[in-house]
Amino acid sequence: MTSNEIDIHKELKKYFGFNQFKGLQEQVIRSILAKQNTFVIMPTGGGKSLCYQLPALVQEGTAIVVSPLIALMKNQVDAIRSLSSENGIAHVLNSSLTKTEINQVKKDITSGLTKLLYVAPESLTKEEYVSFLQKGTISFVAIDEAHCISEWGHDFRPEYRNLRHIIRQLGDVPIIGLTATATPKVQEDILKNLDMPNAKTFKASFNRPNLYYEVRTKTKNIESDIIRFIKQNKGKSGIIYCLSRKKVEAIAEVLQVNGISAVPYHAGLDAKTRAKHQDMFLMEDVEVVVATIAFGMGIDKPDVRFVIHHDIPKSLESYYQETGRAGRDGGEGYCLAYYSYKDVEKLEKFMSGKPVAEQEIGFALLQEVVAYAETSISRRKFLLHYFGEEFDSETGEGADMDDNVRNPKAKKEAKDEVVKLLKVVRDTKHLYKAKEIIFTLIGRVNAVIKAHKTDAHDFFGAGADMEERHWMALIRQVLVDGLLSKDIETYGILKVTDKGLDFIQHPTSFMMSEDHEYNETEDETIVTAAKSSGTADEALMAMLRDLRKKVAKKLGVPPFVVFQDPSLEDMALKYPISLEELGNIHGVGEGKAKKYGKEFVELISRYVEDNDIVRPDDLVVKSTGANSANKLYIIQNIDRKLSLQDIASAKGMNMDALIKEMEQIVYSGTKLNIKYWIDDLLDDEQQEEIHEYFMESETDRIEEALKEFDGEYDIDELRLMRIKFISEVAN
């Protein structure tokens with residue numbers, strides 16, 4: 001049956017139940033049915049898989065789909081099987097199958113039942129599979145995630161390099177390459193490596209007009225900021241991406257403790273847990289999934305409303321793909337990334353062990369991410385330029401959907417500086433990357449500049465009146481404007497374009513804005529209420545001290561037994577006005593809040609009202625006490641009167657660390673009865689003596705106690721006695 005005889009609209013309705021195709025789907029399908037090599041570049045959520053699924057279902061023979069992700073293959077096979085009464089219509093062929101299952105797959109292919117065969121690239125290198133497939137009828141080979149072929153792609157897989165050679169062995173079959181993200185350089189690489197320069201290329205627009213892009217400084221209050229953001233978007237689904245498994249676990253726990261339903265997802269969890277967490281997110285049993293990039297590949301949840309990057313990703317392709325999981329239904333999608341140059345330096349450190357060529361690529365890709373984060377021009381325009389697409393930031397769809405456009409920085413005329421910059425790139429003979437161009441402009445010498453004797457030219461230092469970051473910002477804007485181009489093959493060497501040469505001859509107005517300066521010490525206004533400096537409210541502090549004295553006197557205990565100083569300082573910073581909020585204050589905990597808290601929150605509440613204090617938005621972030629599991633273990637085993645040494649070694653701690661944990665437990669209001677242990681160390685009289693000391697002392701500082709007893713007791717004995725004292729007297 002030729003492509004003309006197949007009514008693809010009818011088939012679309014029959015198999016998928018849709019009445020019409022989306023975007024470029026119809027053209028792509030016609031190209032595949034006409035047996036042409038085809039290359040499809042379509043953003044995540046654009047309906048890529050249907051482009052090869054439909055032609056496979058309506059043609060004779062089996063289509064081979066190469067995909068790097070086993071989980072993704074499984075999802076797709078299940079989806080295809082649900083369209084047909086025959087289970088054999090689609091199969092997976094990979095290392096996870098048993099001998100019996102492999103025989104079933106072969107049988108279904110031979111009988112012509114199987115229309116789609118999903119394989120991992122590694123499986124295709126197996127001699128037995130290749131010789132088996134040579135005997136059958138292959139309709140075409142589709143290579144999904146084709147960017148994996150290119151070292152410049154964000155997910156390079158060496159085994160993809162071999163695909164062309166294997167496909168040749170299968171005979172003259174058409175090849176379909178598909179990718180959701182590819183810069184011009186990666187596209188060229190894919191066509192070259194699959195040896196299909198004549199392929200018909202279909203490229204959908206990468207603009208997702210419904211997504212809003214924002215970058216914030218990553219301060220030490222990032223957790224509070226994320227919690228506030230999620231609480232403002234209550235009831236909406238979101239994904240938080242972190243670079244490490246450890247961070248995923250920690251953030252998921254902080255969210256749970258703060259009343260947000262969240263689950264972690266990373267490759268270190270067992271398959272069952274991963275599947276369960278993914279399902280909980282899909283079925284909306286949880287609002288948020290905190291994940292490494294292992295998550296979301298092939299997850300088709302249309303109504304993800306926000307994607308947060310806790311850590312900046314390694315490349316703009318990754319960033320684009322991950323943010324692309326938001327708003328697939330065309331509804332709202334908020335993409336928030338936290339940026340700090342420290343994170344970038346961390347990523348650079350990770351790369352330092354890799355081969356030099358790989359390092360160079362990694363650095364080049366990372367610098368693009370830095371440029372995106374620091375730029376003050378339209379983020380959408382910047383992103384689309386990276387993917388080789390022009391965008392009019394005045395009239396384009398979604399033009400006002402980012403923080404830079406909504407809060408523009410002041411612009412200034414930079415026509416003469418642009419000419420200066422372009423001339424330096426031209427006159428240094430297109431040898432340099434941005435760094436050396438900037439050094440040349442500001443007159444700084446390094447080994448590369450010395451080697452090319454650039455410092456001997458009269459243009460050396462021509463831009464010394466401007467700072468390095470000013471020139472960097474200008475280079476970024478001139479690149480996006482197309483006056484300069486960056487040669488990616490050579491890791492980012494700058495060249496003047498024809499448009500740039502023309503600008504040198506006939507300069508016109510060029511309005512530039514400075515890059516953002518992301519200063520991690522800025523704590524923005526996240527946790528500090530009335531005081532933006534992050535220091536406690538002195539007037540309130542004095543009132544709290546007085547109240548503590550009064551309460552301690554009434555109870556006949558030293559003031560530090562009620563609350564320690566750091567706790568009072570935290571209260572004067574966060575203004576807790578309920579017992580629940582007080583329980584989140586540093587060193588307080590639920591038990592202590594219940595026992596002593598009532599008068600304190602009443603005082604703070606009055607103070608807040610009388611002085612019109614703006615409290616931090618409901619923000620007293622509960623810490624997970626990342627050691628809550630340890631805490632439970634310690635309490636239970638002290639109840640069982642286990643030796644402290646055994647408890648410490650079971651948790652891989654030394655005695656000092658265990659005592660620290662115990663101190664935290666009792667200071668936040670929980671009783672620990674360690675009399676059984678102390679009885680072995682000190683007799684009754686000694687215990688009595690230390691107890692008396694703490695009862696009458698102004699302070700619970702161990703240094704003071706050591707001075708007082710002048711060597712009679714060692715530091716551990718005094719610390720353990722202090723734990724016993726606080727436990728009995730305060731809790």
Side-chain angles (χ1 to χ4, degrees), residues 206-209 211-219 225 309 312-313 315-316 319-320 323 334-344 365-387 389-422 434-435 437-438 441-442 463 465-486 492 494 500 503 508-522 524-525:
F206 272 58
N207 187 20
R208 298 279 308 279
L211 299 189
Y212 180 85
Y213 299 103
E214 183 189 349
V215 178
R216 292 185 192 173
T217 307
K218 188 173 187 175
T219 68
D225 204 32
H309 278 90
I312 214 82
S315 73
L316 277 183
Y319 172 76
Y320 181 82
T323 53
Y334 202 110
C335 309
L336 170 60
Y338 287 91
Y339 171 72
S340 102
Y341 201 78
K342 273 202 204 89
D343 283 357
V344 174
L365 293 176
L366 200 49
Q367 281 317 305
E368 298 289 354
V369 178
V370 171
Y372 169 79
E374 293 182 357
T375 188
S376 57
I377 68 168
S378 154
R379 296 201 190 277
R380 186 173 304 276
K381 189 180 172 87
F382 190 101
L383 264 181
L384 293 174
H385 171 262
Y386 181 76
F387 289 114
E389 193 175 322
E390 281 304 308
F391 180 73
D392 186 329
S393 39
E394 299 296 314
T395 60
E397 209 189 339
D400 69 332
M401 292 284 285
D402 76 66
D403 53 346
N404 285 345
V405 177
R406 293 208 186 159
N407 315 304
K409 283 195 130 182
K411 294 189 170 193
K412 57 173 196 283
E413 180 60 71
K415 176 171 72 178
D416 299 343
E417 291 153 43
V418 173
V419 173
K420 207 178 271 182
L421 164 69
L422 294 173
K435 181 174 145 191
I437 292 295
I438 292 170
L441 281 158
I442 61 174
D465 52 337
M466 296 287 180
E467 285 183 33
E468 196 173 320
R469 52 185 305 270
H470 173 84
W471 287 113
M472 193 69 220
L474 188 62
I475 286 177
R476 287 170 184 165
Q477 286 165 56
V478 167
L479 272 165
V480 172
D481 236 56
L483 305 177
L484 281 179
S485 69
K486 189 185 278 182
L494 297 176
F503 191 94
T508 51
S509 165
F510 191 101
M511 301 302 288
M512 83 163 281
S513 51
E514 285 288 356
D515 277 354
H516 293 293
E517 217 170 333
Y518 284 100
N519 179 358
E520 286 104 76
T521 55
E522 279 176 42
E524 296 179 352
T525 49

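- Formation of a donor-acceptor pair under 3.5 Å by the Glu368 side chain with backbone atoms of Tyr386 is not found in this model.
- Between the side chain of Lys381 and the main chain of Phe391, a donor-acceptor pair closer than 3.5 Å is present.
- For Glu413, the CD atom sits in a packed shell: over 12 heavy atoms of surrounding residues, nucleotides or ligands are nearer than 6.0 Å.
- How far CD1 of Ile438 is from CD of Glu468: 6.0 Å, rounded to the nearest 0.5 Å.
- The main-chain N or O of Val405 is never found under 3.5 Å from a side-chain atom of Asp400 such that the two would form a donor-acceptor pair.
- Counted by atom type alone, Tyr341 and Glu374 present zero donor-acceptor pairs between their side chains at under 3.5 Å.
- Atoms CZ and CG, from Phe510 and Asp481 in turn, are 4.5 Å apart once rounded to the nearest 0.5 Å.
- Between Ser378 and Ser393, the shortest heavy-atom distance links the atoms CB-CB, 4.0 Å.
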- Go through the steps for Val478 and Phe503 under the test side chain to side chain contact (heavy atoms under 4.5 Å, CB included), then give the verdict. CA-CA 11 Å; Val478 167; Phe503 191 94; over 6 Å; no

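- Pairing each heavy atom of Gly463 with each of Ile442, the nearest pair is O-CG2, 4.0 Å.
- Taking both residues in full, the closest heavy atoms of Phe382 and Ala371 are given as CZ-CB, 3.5 Å, listed atom of the first, atom of the second, then distance.
- Not a single donor-acceptor pair under 3.5 Å links the side chain of Arg380 to the backbone N or O of Asp402.
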- Task: Apply salt bridge (Lys or Arg N to Asp or Glu O under 4.0 Å) to the pair Arg469 and Asp515, showing each step before the final yes or no.
- Result: CA-CA 8 Å; Arg469 52 185 305 270; Asp515 277 354; 5.8 Å; no

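- Expressed to the nearest 0.5 Å, how far CD of Gln477 lies from CD1 of Ile377 amounts to 5.5 Å.
- Looking only at distances, no side-chain donor or acceptor of Thr217 sits under 3.5 Å from a matching main-chain atom of Thr219.
- The distance from atom CE of Met401 to atom SG of Cys335, rounded to the nearest 0.5 Å, is 8.5 Å.
- Side-chain contact check for Asp403 versus Tyr212: some heavy-atom pair is nearer than 4.5 Å.
- Residues Lys342 and Lys218 fail the side-chain proximity criterion, which asks for heavy atoms closer than 4.5 Å.
- Minimum heavy-atom separation, Ile312 to Ala337: CD1-CB, 4.2 Å.
- In this structure, His309 and Tyr319 have tilted ring planes: the angle between them lies in the 30° to 60° band.
- In this structure a side-chain-to-backbone donor-acceptor pair under 3.5 Å is missing from Tyr213 to Thr323.
- In terms of modelled atom types and a separation under 3.5 Å, the side chain of His516 and the main chain of Asn404 share no donor-acceptor contact.
- Atom OG of Ser485 is separated from atom CG of Leu494 by 8.0 Å, given to the nearest 0.5 angstrom.
- Side-chain contact of Glu514 with Ser376: a donor-acceptor pair under 3.5 Å is absent, judged by distance alone.
- When side chains are defined from C-beta on, Leu479 does not count as touching Arg476, because their heavy atoms never get closer than 4.5 Å.
- In this structure, Glu467 places its CD atom where only 12 or fewer heavy-atom neighbours from other residues, nucleotides or ligands lie under 6.0 Å away.
- Here the CG-CZ distance, from Leu383 to Arg379, works out to 9.0 Å after rounding to the nearest 0.5 Å.
- Here the closest heavy-atom approach between residue Ser509 and residue Lys415 is recorded as N-CD, 4.1 Å.
- Between Tyr339 and Val369, every side-chain heavy-atom pair lies at or beyond the 4.5 Å cut-off.
- Side-chain atoms of Asp343 and Tyr338, non-hydrogen and from C-beta on, never get closer than 4.5 Å to each other.
- A pairwise comparison of heavy atoms in Ser315 and Leu365 identifies CB-CB, 4.1 Å as the closest pair.
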- Task: Go through the steps for Leu421 and Leu484 under the test side chain to side chain contact (heavy atoms under 4.5 Å, CB included), then give the verdict.
- Result: CA-CA 10 Å; Leu421 164 69; Leu484 281 179; 4.3 Å; yes

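- The number of heavy atoms from other shown groups lying within 6.0 Å of NZ (Lys412) is above 12.
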